[in-house]
Amino acid sequence: MQLVEVYMREYFRDLDALGVKRPDISPRATGQLVEMIEAIQSLIEKGYAYEVNGNVFFDVSRFEDYGKLSKIKPEAMLAGSRFEAHPDKRDPKDFALWKRASKDALLKWWSPWGYGFPGWHIECAVMGMKYLGPQFDIHGGARDLIFPHHENEIAQCEALTGKKPFVRYWLHTGFLTINGEKMAKSLGNYITVRDALEKYDAEAIRLFVLSTHYRSEIDFTDKKLRDSETNLGRLYNTLENLEGAMERSLGREPTEMEKQFEERVEELRTRFVEAMDEDFNTPRALATLFDLSREINRFLEEKKQMSTELLKRVHGCFLELGKVLGLFQKKRTKKVSEKLVNDLVNLLVELRENLRSKGDYELSDEIRAKLNKLGVVVEDTSEGSKWKLV
RNA sequence: GCCGGGGUGGCCGAGUGGUACAGGCGGCGGGCUGCAGACCCGCUACACGUGGGUUCGAUUCCCACCCCCGGCUCCA
């Protein structure tokens, strides 16, 4: 339990760093033992489960819809199976709801069937239903969980509640590979979130992930992450271009041309929303964002003074769409280090010395006066110019 | 072996029964710049794994094959 605590904190730390929102509830299996035992009992009573030697199994033959998610035909499941079926099972397809614990098991709980621990699938089913109710709108998970885990969750929950479907939309994500091969400790080619964050910008990592549809496999390579950084820079440039234009804009009504442009922006906004509505098609949404970016830059090329009102709305729209993808959250107030201040003042003083040696006292005096105003006192001594902050 | 997903331009990656508008990266050329950067424009682009079939028409539907990935109730 202590371990769980540690990993949970570490996990949340990484989520925060990536800009992923934390869940409202993060339940633990060990906190729902009573509910799990109740659920298993209920399944036995309803005839969907049976107990043998302190083990409880779900009777797959009693659940007609079994296999509807993974499209696996129960008859075909046995062929080629890599493992021996548990001897107490009536049928190899049945899966464990409760497992008898061995004497020296570290984790075990008392139950109507003796000491044991819950099966994997019942944990999620019970926790989910406890907090979300008997039916979910959306259930996520990676592709490898479709069978058996999600299939078994459906069997348990629908058998328990009689309500179908247990889940309306399944969101199954593709795998993350690295340089074309799967990440594995044994291959030594894995990368942790923390390593990645040290090397790449958090929003660039987001952009990388979003550039492939969530259902597809995604391959982590250095080049792609760099590309993502370039791409992110592009979007931020547009943001800065817009902000620059806003500074020199005018408080007048938008012109006809500006109104037309705004309509175009609105059109792209709609396209973005449509892409997201279509099963979170983030690559297409991103494409629209880049279209928008290019068109904003093109429009700004005019270099005319634009209507403040118009620019505000366009800027708001661009920010809004980026925010949907978790972008543009960076604090862009450039942090100025003490070293940079030193270097910059030194640079100015050096340039000024140059001017003085050439006899341009007018400009060098001006520089000294202006620095003075900024709180930098320059003193010309026989050993050269010195400066200090006041 | 069985089940599922996939093979699109130099690279990545969307999409679709009717000339492939995706988008990005890279490369080339041009514009704007005193120069550079940013930005814009054009080109790169001769891209839909292979072979059949259905269709007036297939990259898109069907079948077979090849290759890649995952699952097949160990553990979570």
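Computed from a predicted structure; not experimentally measured.
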Minimum-distance pair of heavy atoms, taken over all atoms of A/Q329 and A/K323: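 Taking every non-hydrogen atom into account, NE2-CG, 3.2 Å.
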
Spacing of the [atom1] atoms in [M] and [N] (rounded, Å):
N     : M     : atom1 : answer
B/G27 : B/A45 : P     : 15 Å
B/G6  : B/A14 : C1'   : 15 Å
B/C41 : B/G24 : P     : 9 Å
B/A58 : B/C2  : C1'   : 30 Å
B/G9  : B/G53 : C1'   : 28 Å
B/C63 : B/C68 : P     : 22 Å
B/C46 : B/U8  : C1'   : 15 Å

side-chain hydrogen bond (donor to acceptor under 3.5 Å, both in side chains) partners of A/W120, counting only residues at least two apart: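 Once residues adjacent in sequence are excluded, the partners of A/W120 under the side-chain hydrogen bond (donor to acceptor under 3.5 Å, both in side chains) criterion are A/H149.
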
Within residues 117-130 of chain A or reaching into it, pairs that qualify as salt bridge (charged side-chain N to carboxylate O under 4.0 Å, His left out) - sequence neighbours excluded: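 Applying salt bridge (charged side-chain N to carboxylate O under 4.0 Å, His left out) to every pair that reaches into residues 117-130 of chain A, excluding sequence neighbours, yields A/E35-A/K130.
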
With a 4.0 Å cutoff (strictly under), does any side-chain N or O of [X] reach OP1 or OP2 of [N]?
X      : N     : value
A/N231 : B/G23 : no
A/N237 : B/A38 : no
A/R226 : B/G26 : no
A/N297 : B/C40 : yes
A/R298 : B/C41 : yes

Side chain to side chain contact (heavy atoms under 4.5 Å, CB included) between A/W387 and A/L348, worked out: CA-CA 11 Å; A/W387 65 272; A/L348 275 171; over 6 Å; no

Between [options], spot the one nearest the side chain of [X], thanks.
X      : options             : answer
A/F290 : B/C74, B/A14, B/G23 : B/G23
A/E123 : B/A14, B/A76, B/C40 : B/A76
A/R284 : B/A14, B/C74, B/G31 : B/A14
A/F117 : B/A38, B/A76, B/C40 : B/A76

Any base atoms under 4.0 Å from [X], or only sugar-phosphate, or nothing? Heavy atoms, all strands.
X      : value
A/E151 : nothing
A/R234 : sugar-phosphate
A/S228 : nothing
A/F95  : base

Pair A/R62 + A/D59, salt bridge at N-O below 4.0 Å: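 Salt bridge flag = no for A/D59 with A/R62.
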
Test salt bridge (charged side-chain N to carboxylate O under 4.0 Å, His left out) applied to A/R313 and A/E263, A/E258, A/E262, the passing residue: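 With A/R313 as partner, salt bridge (charged side-chain N to carboxylate O under 4.0 Å, His left out) holds for just one option, A/E262.
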
Return all side-chain donor-acceptor pairs below 3.5 angstrom for residues 170-178 of chain A, not counting sequence neighbours, or 'none' if the list is empty.
unit_1, atom_1, unit_2, atom_2, d
A/T177, OG1, A/I218, O, 3.4
A/T177, OG1, A/D219, OD1, 2.6

Please tabulate the protein-to-nucleotide N/O contacts below 3.5 Å involving nucleotides 9-13 of chain B, giving atom names and distances.
unit_1, atom_1, unit_2, atom_2, d
B/C12, O3', A/K224, NZ, 3.1

Spacing of A/F208 atom CZ relative to B/G23 atom P, expressed in whole Å: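 After rounding, the gap between these two atoms is 22 Å.
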
Rounded interatomic separation in angstrom, taking CZ from A/F299 and C1' from B/C41: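 The answer, rounded to whole Å, is 18 Å.
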
Under the 3.5 Å Watson-Crick or G-U criterion, the dot-bracket string of RNA chain B, with | for inter-strand pairs: (((((((..(((.....[....)))((((((.......))))))....(((((..]....))))))))))))....

Residue pairs involving residues 14-23 of chain A (criterion side-chain hydrogen bond (donor to acceptor under 3.5 Å, both in side chains); sequence neighbours excluded):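 Found A/D14-A/R194, A/D16-A/R22.
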
Contacts of type salt bridge (charged side-chain N to carboxylate O under 4.0 Å, His left out), residue A/K163, not counting sequence neighbours: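 A/K163 satisfies salt bridge (charged side-chain N to carboxylate O under 4.0 Å, His left out) with no residue once adjacent residues are dropped.
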
What side-chain donor-acceptor pairs closer than 3.5 Å can you find for residues 135-144 of chain A, not counting sequence neighbours?
unit_1, atom_1, unit_2, atom_2, d
A/Q135, NE2, A/K164, O, 3.3
A/Q135, NE2, A/P165, O, 2.9
A/D137, OD1, A/R168, NH1, 2.7
A/R143, NH1, A/R215, O, 3.0

Residues in contact with RNA chain B, drawn from residues 7-38 of chain A - heavy-atom cutoff 4.0 Å: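 Hits under 4.0 Å, by residue number: none.
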
Of all pairs that satisfy ring pair (Phe, Tyr, Trp, His ring centres under 6.0 Å), the ones with a partner from residues 198-222 of chain A, not counting sequence neighbours: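 Those involving residues 198-222 of chain A are A/F208-A/F220.
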
Residue pairs fulfilling ring pair (Phe, Tyr, Trp, His ring centres under 6.0 Å) with at least one residue in residues 23-61 of chain A, sequence neighbours excluded: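 Checked against ring pair (Phe, Tyr, Trp, His ring centres under 6.0 Å) - neighbours excluded - the pairs reaching residues 23-61 of chain A are A/Y50-A/F57, A/F57-A/H86, A/F58-A/F95.
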
Contact nearer the 5' end of RNA chain B, comparing A/I146 with A/T238: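 That would be A/I146.
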
Comparing A/A287 and A/Y214 on RNA chain B - which has the more 5′ nearest nucleotide: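 It is A/Y214 whose nearest nucleotide is closer to the 5' end.
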
With A/R28 via side-chain contact (heavy atoms from CB on, under 4.5 Å) - residues at least two apart: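 Partners of A/R28 under the side-chain contact (heavy atoms from CB on, under 4.5 Å) test: A/V4, A/E5, A/M8, A/T30.
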
